[in-house]
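Start at 1 with the first residue, then count along the sequence.
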Amino acid sequence: MLIKNAHVVGPETFNGDIRIHQGIITTIGQDLSVSPDETVLDASGQTVLPGLVDVHVHFRDPGQTDKETISTGSRAAAHGGFTSVVAMPNVTPVPDNAADLKALLTKNVQDGVVHVHQYAPITMALHSNQLVDFERFNQLGVFGFSNDGVGVQQAATMKAAMAACAAVDAPLAAHIEDESLRGDGVMNAGPVAKGLGLPGMSNQTESSQLARDLDLAAATGVHYHACHISTRQSVALIRQAKAAGVHVTAEVTPHHLLLEDTDIIGDDPNFKMNPPLRSHADRLAVIGGLLDGTLDMVATDHAPHTIADKGGTMKTAAFGIVGLETAFALLYSRFVRSGRMTLLELVDKMSTTPATAFKLPAGHIQIGAPADLTVMNLETPYQINPNTWFSKGVNSPFIGETVYGQTVATIVSGKIVYQQKEGR
């Protein structure tokens, strides 16, 4: 393939042509001649980015395929400009044995149109305190270990898990939640929850367990990754831990950057996620943390559910929203076009930094690098419309918003896995 007339924005920014052979970028230059056997992709007027990387998605496969499958989830990722994603293990059955885990790793390759990496669980069945076989699972090629959806409640269990991860040089990604403090909360504790008559979750549900984990991470030397940070206290704790030399990385979701609890004006389950949308002060803190590098990256926490699961009320509906097909456009529109951050900074948070932090061969457009690329139209506005999505999930509070940043083509290992057509 030869990509012509590209305006490339990334760690290496240039205008020119990109030649791809056998999945690798082989030549970058000006006015490259077209070989007879090459497919030409004309990127005139478009922007080419390193393929986006999302280290936190839920594909619900196996066992919950009415919500999503590896096929539909990975196609949604490609539609959103992502070329690498990492799936969480809260599926049915939980892949807490070698046979189930190997089957899932194989299915990720067979059904995924993008690179689908896989977390293994930390404990058997997620809810127990019995650790999995970290050494064996690491040998099978997992991305890391996580009980996402369930906070590890026992400090002794978490410390032992961190030591096991450190021993095999694998990251541990934590869903940070003290269940004794969460209670029956369905949204952020505060005046909005009281006004709606809904039970709330305090900031300390997250930050108190994070403080515990950071202390344990310092003691064990593990690469500790903090999932979906949402509070000002958590940002301060991570900033302090980094200054002390703790090996911690952290992610923040687009919805925690863009929304707060005052946006919930009624009992609408599309605004129910865990952690919940926090206060204005918390939202400003996570934005500041992302901009100053305390929070390293953006991750969607893509959480598709059926219409029935998201029906009813905030008290009864499932937690979570979809995000793969809206993340880049929302952040480009609200942050880059407003001048809050540059396009290069957004690319760093959504591609280069997550790839570097987790040692993935992605995030750069340079000779010898894998040809994982995203071609974007940054100039034409469009409306977020779930009828154009590939995900089975339509649970999002952003439907109907006008945004910029539409994926024109997504290239994985030198092959076009998504190309814009009329209506999709």
Side-chain angles (χ1 to χ4, degrees), residues 52-58 80 82 85-86 88 146 148-149 151 171 173-177 188 201 203 205-207 209-211 213-214 223-242 246 248-261 263 271 273-303 319-324 326-336 338 340-342 345-358 363 396-398:
L52 305 180
V53 177
D54 189 346
V55 300
H56 188 156
V57 303
H58 298 271
F82 292 90
V85 299
V86 190
M88 290 296 178
S146 181
D148 190 66
H175 175 100
I176 308 157
E177 180 179 40
N188 186 53
M201 279 184 267
N203 283 21
T205 302
E206 174 180 289
S207 59
Q209 193 173 92
L210 176 63
D213 284 359
L214 291 171
H223 173 189
Y224 175 79
H225 182 70
C227 293
H228 42 52
I229 290 299
S230 68
T231 75
R232 59 192 184 277
Q233 292 92 342
S234 295
V235 174
L237 286 166
I238 292 168
R239 186 175 289 122
Q240 181 181 9
K242 286 190 170 186
V246 179
V248 54
T249 54
E251 68 186 42
V252 61
T253 71
H255 44 278
H256 288 113
L257 292 166
L258 297 171
L259 298 173
E260 53 197 55
D261 61 359
D263 292 306
F271 286 86
M273 60 279 292
N274 190 13
L277 300 178
R278 300 289 188 183
S279 69
H280 181 65
D282 292 312
R283 187 169 74 88
L284 291 182
V286 296
I287 292 172
L290 184 68
L291 294 177
D292 71 14
T294 301
L295 307 183
D296 302 87
M297 64 197 73
V298 172
T300 66
D301 192 10
H302 175 78
F319 287 100
I321 65 171
V322 292
L324 281 168
T326 58
F328 178 85
L330 284 165
L331 293 178
Y332 175 76
S333 300
R334 304 296 180 253
F335 282 1
V336 177
S338 70
R340 184 165 254 169
M341 69 184 344
T342 68
E345 288 172 328
L346 182 60
V347 170
D348 178 72
K349 300 299 185 181
M350 296 190 71
S351 178
T352 310
T353 288
T356 301
F358 288 96
S396 170
F398 297 109

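In plain terms, the two heavy atoms of G151 and Q209 that are nearest each other are CA-OE1, 4.1 Å. Summarising the geometry of H256 relative to P275, their closest heavy-atom pair is NE2-O, 2.9 Å, with the distance given to 0.1 Å. The heavy-atom pair separating I238 from A226 by the smallest distance is CD1-CB, 4.3 Å. Annotation for P397 and I321: closest pair CD-CD1, 3.7 Å, computed over non-hydrogen atoms. Nearest heavy-atom pair, G80 versus F328, reported as atom, atom and distance to 0.1 Å: O-CB, 4.3 Å.
A donor-acceptor contact shorter than 3.5 Å links the side chain of S338 to the backbone of F335. In this structure a side-chain-to-backbone donor-acceptor pair under 3.5 Å is missing from T300 to G323. Put simply, the side chain of H175 gets close to the backbone of G149: a donor and an acceptor are under 3.5 Å apart. Judged purely by atom type and a 3.5 angstrom limit, T352 uses its side chain to pair as donor or acceptor with the backbone of G363. Between the E251 side chain and the H228 main chain, a donor and an acceptor come within less than 3.5 Å of each other.
In this model, a donor atom of one side chain and an acceptor atom of the other lie less than 3.5 Å apart for T249 and H223. For the 3.5 Å distance criterion, the side chains of D148 and H58 qualify, holding a donor opposite an acceptor.
Under the salt bridge (charged side-chain N to carboxylate O under 4.0 Å, His left out) criterion, D282 pairs with R232, sequence neighbours left out. Annotation: salt bridge (charged side-chain N to carboxylate O under 4.0 Å, His left out) contacts of D296 (sequence neighbours excluded): K242. For the salt bridge (charged side-chain N to carboxylate O under 4.0 Å, His left out) test, residues two or more places apart in sequence or in another chain that qualify with R283 are E260. For the side-chain contact (heavy atoms from CB on, under 4.5 Å) test, residues two or more places apart in sequence or in another chain that qualify with A241 are L214, V246, V248. Residues passing the salt bridge (charged side-chain N to carboxylate O under 4.0 Å, His left out) test with E177 are R182, sequence neighbours excluded. Residues satisfying the side-chain contact (heavy atoms from CB on, under 4.5 Å) test with A174, not counting sequence neighbours, are M158, L172, I176, D213, Y224.
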Test side-chain contact (heavy atoms from CB on, under 4.5 Å) on V235 and I229; report intermediate values, then the result.
CA-CA 7 Å; V235 174; I229 290 299; 4.1 Å; yes
Would you please test H225 and V55 for side-chain contact (heavy atoms from CB on, under 4.5 Å) and show each step?
CA-CA 10 Å; H225 182 70; V55 300; 4.0 Å; yes
Passes side-chain contact (heavy atoms from CB on, under 4.5 Å), R278 versus E206? Steps please.
CA-CA 11 Å; R278 300 289 188 183; E206 174 180 289; 4.3 Å; yes
Between V298 and L257, is a side-chain contact (heavy atoms from CB on, under 4.5 Å) present by the stated rule, with each step listed?
CA-CA 9 Å; V298 172; L257 292 166; 4.2 Å; yes
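Side-chain contact between M297 and F358 is present, with at least one heavy-atom pair separated by less than 4.5 Å. Here the side chains of H255 and F271 are not in contact, with every heavy-atom distance at 4.5 Å or above. Looking only at side-chain heavy atoms (C-beta outward), L331 and M341 stay at 4.5 Å or farther from each other. In this structure, T231 and L210 have side chains that are not in contact, with every pair of non-hydrogen atoms separated by 4.5 Å or more. The closest side-chain heavy-atom distance from M201 to N274 is below 4.5 Å.
To the nearest 0.5 Å, atom CG of residue L52 and atom NZ of residue K349 are 15.0 Å apart. Here the OG1 atom belonging to T326 is positioned 6.5 Å from the CZ atom belonging to F398, to the nearest 0.5 angstrom. Atom CD of Q233 sits about 4.5 Å away from atom CG of N203, to the nearest 0.5 Å. Note: D348 CG to T353 OG1 = 3.0 Å, rounded to the nearest 0.5 Å. Atom CG of residue D301 and atom CE of residue M273 lie 9.0 Å apart, to the nearest 0.5 angstrom. We find the OG1-CG distance between T294 and L237 to be 11.5 Å, quoted to the nearest 0.5 Å.
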